[in-house]
Peer 1: 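This structure is in structure tokens; I'll ask about it shortly.
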Amino acid sequence: MFDSGFGGLTVARALIDLLPAEDLVYIGDTGRYPYGSKPLHEVRSHALELGHSLVDDFGVKAIVVACNTATAAAIDDLRSELAVPVIDVVRPGASALVRASRSGQVGVIGTVGTISSGAYPTAVAEVASSLGRDVDLTSAACPGFVEFVERGQTTGDEVTVLAERLLAPVRAAGVDTLLLGCTHYPFLARTIGDVMGPEVVLVSSADETAFAARERLGDLDLLRDDRARGTRRFLSSGDVDSFRELGSMLLGPELDATARWPLST
């Protein structure tokens, strides 16, 4: 799996807990983050490089794109170029959002790249249609959230002030369910929840993506059926020590062993 940085660790945690026997390779592209403000063609190039590395250098049997922006930019190209299943975070998140809503007034927040791509309106409309639901989606870009998480600053006055401003559109729309459409955002869930209020359900795509991965691997008969604990390997394209230090705080001791990506550097 890969992400632009630390956000995908929310998905990694869910995968480790749900599929403890599976080996996991995680690449955090911290040397080139954030993705959300980059042109989609640039994100697409990064995503394809990471995807090919996971297949060619590590021999993975499946890839989880643990980044909403990379999913929006490159999921079709990844699936056409790679000879392994590629699982994204957008469709599972959209499904959970529609199913959790009581009123049909729902919201999604994400990076500028994710929101401008239109990936979520398309996915939510498809899910709602398949379920026979009438859903009204309000989307809001939240520039700055990722940078706070990447600095390890997930609470405090600065984060709250920014959240109050950026979440104003979804609050004004009266949504009853809000999808955290960036894998970094669950680390800000406490602040986002405080701003949105207790009546709004926050939905994270991390757990739903893990369930989708289990279902897909099971359908393809790729799940490991032994009870041995899988290996965990984490790599960073940026400062490895910083990735290990902050990542261990966000995920746990699994990040004690962190290496440099690409392997040739």
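The structure displayed is predicted, hence computed values, not measured ones. FYI, side chains are in, hydrogens and waters are out, and symmetry mates aren't considered; it's all heavy atoms of this structure.
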Peer 1: Under the 3.5 angstrom rule, does the side chain of Lys61 hit a backbone N or O of Val84 as a donor-acceptor pair?
Peer 2: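 Pair absent, no side-chain N/O of Lys61 close to backbone of Val84.
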Peer 1: Is the backbone N or O of Val240 less than 3.5 Å from a side-chain atom of Arg260, with the two atoms forming a donor-acceptor pair by type?
Peer 2: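 Side chain of Arg260 to backbone of Val240, a donor-acceptor pair under 3.5 Å: no, none is there.
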Peer 1: As a quick check of understanding, evaluate salt bridge (Lys or Arg N to Asp or Glu O under 4.0 Å) for Arg244 and Asp241, giving each step before the final call.
Peer 2: CA-CA 5 Å; Arg244 182 188 303 114; Asp241 291 335; 2.8 Å; yes
Peer 1: Are the side chains of Val90 and Asn68 in contact, using a 4.5 Å heavy-atom criterion?
Peer 2: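 Sidechains of Val90 and Asn68: in contact.
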Peer 1: Are Asp29 and Ser4 linked by a side-chain donor-acceptor pair shorter than 3.5 Å?
Peer 2: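 No pair is found: no donor N or O on one side chain lies under 3.5 Å from an acceptor on the other.
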Peer 1: Are Arg32 and Glu42 ion-paired here, with the side-chain N under 4.0 Å from a carboxylate O?
Peer 2: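 No, no charged N to carboxylate O under 4.0 Å.
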Peer 1: Is it true that Asp23 and Arg233 make a salt bridge, defined as a side-chain N closer than 4.0 Å to a carboxylate O?
Peer 2: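 A salt bridge is absent here (no side-chain N lies under 4.0 Å from a carboxylate O).
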Peer 1: Is the closest basic N to carboxylate O distance between Arg13 and Asp17 below 4.0 Å?
Peer 2: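 Result for this pair is yes, salt bridge flagged.
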Peer 1: Side-chain contact, heavy-atom cut-off 4.5 Å: Ser37 with Thr111?
Peer 2: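 The answer is no; the side chains never approach within 4.5 Å.
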Peer 1: Are Asp136 and Val106 packed together at the side-chain level, in the sense that at least one heavy-atom pair is separated by less than 4.5 angstrom?
Peer 2: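 The answer is no; the side chains never approach within 4.5 Å.
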Peer 1: Are a donor atom and an acceptor atom from the side chains of Thr191 and Thr155 found within less than 3.5 Å of each other?
Peer 2: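 Result is no, nothing qualifies.
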Peer 1: With side chains defined as the heavy atoms from C-beta onward, is the minimum distance between Leu180 and Ile192 less than 4.5 Å?
Peer 2: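 Answer yes - side chains close enough.
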Peer 1: Answer yes or no: is there a side-chain heavy-atom contact under 4.5 Å between Ser204 and Tyr185?
Peer 2: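 No. Closest side-chain heavy atoms not under 4.5 Å.
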Peer 1: If we ignore angles and hydrogens, is there a donor and acceptor under 3.5 Å between the side chains of Ser53 and Trp261?
Peer 2: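 Indeed, the side chains of Ser53 and Trp261 share at least one donor-acceptor pair under 3.5 Å.
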Peer 1: Would you list the pairs meeting ring-ring contact (aromatic ring centres under 6.0 Å, His included) in which at least one residue belongs to residues 37-62, sequence neighbours left out?
Peer 2: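 Of all non-adjacent pairs touching residues 37-62, those that pass ring-ring contact (aromatic ring centres under 6.0 Å, His included) are Tyr35-His46.
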Peer 1: Find the distance between CG (Leu188) and CG (Leu202) and round it off to the nearest 0.5 Å.
Peer 2: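 The distance works out to 11.0 Å.
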Peer 1: Is the distance from the ring center of Phe187 to that of Phe6 below 6.0 Å?
Peer 2: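 Ring-ring flag for Phe187/Phe6: false, centres at least 6.0 Å apart.
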Peer 1: Is the closest side-chain donor-acceptor distance between Thr183 and Thr10 under 3.5 Å?
Peer 2: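 Not at all, the side chains of Thr183 and Thr10 share no donor-acceptor pair under 3.5 Å.
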Peer 1: Counting only heavy atoms not in Asp157 (residues, nucleotides, ligands), do more than 12 fall under 6.0 Å from its CG?
Peer 2: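 No, because the 6.0 Å sphere around CG of Asp157 holds 12 heavy atoms or fewer from other groups.
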Peer 1: Could you tell me whether the side chain of Ser101 and the main chain of Val98 form a donor-acceptor pair under 3.5 Å?
Peer 2: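 The answer is no, because no donor-acceptor pair under 3.5 Å joins these two groups.
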Peer 1: List the steps, then state whether side chain to side chain contact (heavy atoms under 4.5 Å, CB included) holds for Val60 with Val55.
Peer 2: CA-CA 5 Å; Val60 301; Val55 173; 4.2 Å; yes
Peer 1: Quick one: are Met1 and Ile63 in side-chain contact, heavy atoms under 4.5 Å?
Peer 2: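 The answer is no, as the side chains (C-beta and beyond) never meet within the 4.5 Å cut-off.
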Peer 1: How about CZ on Arg190, more than 12 heavy atoms from neighbouring residues, nucleotides or ligands closer than 6.0 Å, or not?
Peer 2: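 Not more than 12 within 6.0 Å, no.
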Peer 1: Under the side chain to side chain contact (heavy atoms under 4.5 Å, CB included) rule, what do Glu150 and His184 come out as? Steps first, then yes or no, please.
Peer 2: CA-CA 8 Å; Glu150 296 281 339; His184 285 72; 2.5 Å; yes
Peer 1: Given Val175 and Met196, is the side chain to side chain contact (heavy atoms under 4.5 Å, CB included) satisfied, shown in steps?
Peer 2: CA-CA 9 Å; Val175 304; Met196 293 302 299; 3.9 Å; yes
Peer 1: I need the Ser237 OG to Phe243 CZ distance, nearest 0.5 Å.
Peer 2: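 If I round to the nearest 0.5 Å, the distance is 9.0 Å.
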Peer 1: So how far is it from Cys67 SG to Phe2 CZ, rounded to the nearest 0.5 Å?
Peer 2: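 Here the rounded value is 7.0 Å.
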Peer 1: CG/Leu217 to CG/Leu19 distance, rounded to the nearest 0.5 angstrom?
Peer 2: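 Between Leu217 CG and Leu19 CG, I get 7.0 Å after rounding to 0.5 Å.
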Peer 1: Strictly below 4.0 Å, N to O, side chains only: are Asp88 and Arg79 in salt-bridge contact?
Peer 2: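 Looking at Arg79 together with Asp88, the answer is yes, because their closest N to O distance falls below 4.0 Å.
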Peer 1: Does the side chain of Pro20 come within less than 4.5 Å of Arg229's, by heavy atoms?
Peer 2: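 No, their side chains stay 4.5 Å or more apart.
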Peer 1: Do you know the tightest heavy-atom contact between Glu147 and Pro34?
Peer 2: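 Nearest pair, atom of Glu147 first, then Pro34: OE2-CG, 3.3 Å.
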Peer 1: Relative to the ring of Tyr26, is the ring of Phe234 parallel (under 30°), tilted (30 to 60°) or perpendicular (over 60°)?
Peer 2: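 Rings of Phe234 and Tyr26: tilted, 30 to 60°.
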Peer 1: Check the hydrophobic clustering (I, L, V, M, F, W, Y; side-chain heavy atoms under 4.5 Å; chains of links allowed) and say if Leu179 and Val112 are grouped together.
Peer 2: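 Looking at the clustering, Val112 is in a separate group from Leu179.
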Peer 1: Of all heavy-atom pairs between Gly5 and Thr30, which one has the smallest distance, and what is that distance?
Peer 2: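 Distance-wise, the nearest heavy atoms are CA-CG2, 3.7 Å.
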Peer 1: For a salt bridge (Lys or Arg N to Asp or Glu O under 4.0 Å) check, start with the C-alpha distance between Arg91 and Glu208, then their side-chain angles and the critical distance, and finish with the verdict.
Peer 2: CA-CA 9 Å; Arg91 181 71 183 214; Glu208 300 302 322; over 6 Å; no
Peer 1: Quickly, which of Val135, Val200, Val203 forms a side-chain contact (heavy atoms from CB on, under 4.5 Å) with Thr177? Name it, please.
Peer 2: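 Testing each of Val135, Val200, Val203 against Thr177, the sole residue satisfying side-chain contact (heavy atoms from CB on, under 4.5 Å) is Val203.
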Peer 1: For Asp221, does the CG atom have more than 12 heavy-atom neighbours from other residues, nucleotides or ligands under 6.0 Å away?
Peer 2: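 No, not enclosed.
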Peer 1: Under 3.5 Å, side chain of Arg44 to main-chain N/O of Ala73, donor-acceptor pair present?
Peer 2: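 Yes; judged by distance alone, with no hydrogens or angles, the pair exists.
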Peer 1: To the nearest 0.5 angstrom, please state how far the OG atom of Ser117 sits from the CG atom of Leu40.
Peer 2: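 Reported value, rounded in 0.5 Å steps: 6.5 Å.
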Peer 1: Please determine whether a side-chain nitrogen of the Lys or Arg among Glu199 and Arg102 lies less than 4.0 Å from a carboxylate oxygen of the Asp or Glu.
Peer 2: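 Salt bridge between Glu199 and Arg102, a charged N being under 4.0 Å from a carboxylate O: no.
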Peer 1: According to a hydrophobic-cluster definition based on side-chain heavy atoms being under 4.5 Å apart (Ile, Leu, Val, Met, Phe, Trp, Tyr only), do Phe148 and Val161 belong together?
Peer 2: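 No; Val161 is not reachable from Phe148 via cluster members.
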Peer 1: Identify the heavy atoms of Ala70 and Val65 that sit nearest to each other, and give their distance.
Peer 2: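 Closest approach of Ala70 to Val65: CB-CG1, 3.8 Å.
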Peer 1: Establish, from distance only, whether the side-chain atoms of Ser95 and Arg99 form a donor-acceptor pair under 3.5 Å.
Peer 2: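 Yes.
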Peer 1: State yes or no: do Leu166 and Ile109 share one hydrophobic cluster built from I, L, V, M, F, W and Y residues joined by side-chain heavy-atom distances below 4.5 Å, directly or via other members?
Peer 2: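 The answer is yes; both residues are in one hydrophobic cluster.
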Peer 1: Within a reach of under 6.0 Å around CD of Glu164, are more than 12 heavy atoms found that belong to other residues, nucleotides or ligands?
Peer 2: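 Above 12, so yes.
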Peer 1: For Ser130 and Val127, indicate whether the former's side chain and the latter's backbone hold a donor-acceptor pair under 3.5 Å.
Peer 2: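 Answer holds: yes.
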Peer 1: How long is the straight-line distance from OG1 of Thr209 back to CZ of Arg214, given to the nearest 0.5 Å?
Peer 2: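 So the gap between those two atoms works out to 13.0 Å.
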Peer 1: Are Val89 and Leu24 connected in the hydrophobic side-chain network, where two residues link if heavy atoms are under 4.5 Å apart?
Peer 2: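 They do share one cluster, since a chain of ILVMFWY contacts under 4.5 Å joins Val89 to Leu24.
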Peer 1: Taking the side chain as C-beta and beyond, is there a heavy-atom pair between Thr154 and Val159 under 4.5 Å?
Peer 2: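 No; the side chains remain at least 4.5 Å from each other.
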Peer 1: If only atom types and distance count, is the side chain of Ser205 paired as donor or acceptor with the main-chain N or O of Gly93 below 3.5 Å?
Peer 2: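 Between the backbone of Gly93 and the side chain of Ser205 there is no qualifying donor-acceptor contact (under 3.5 Å).
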Peer 1: Quick check: does any side chain N or O of Thr114 sit under 3.5 Å from a backbone N or O of Gly110, one acting as donor and the other as acceptor?
Peer 2: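 Not a single qualifying donor-acceptor pair exists.
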Peer 1: Which of these, Cys182, Ser139, Pro121, sits in a side-chain contact (heavy atoms from CB on, under 4.5 Å) with Val108?
Peer 2: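 Only one option passes, and that is Ser139.
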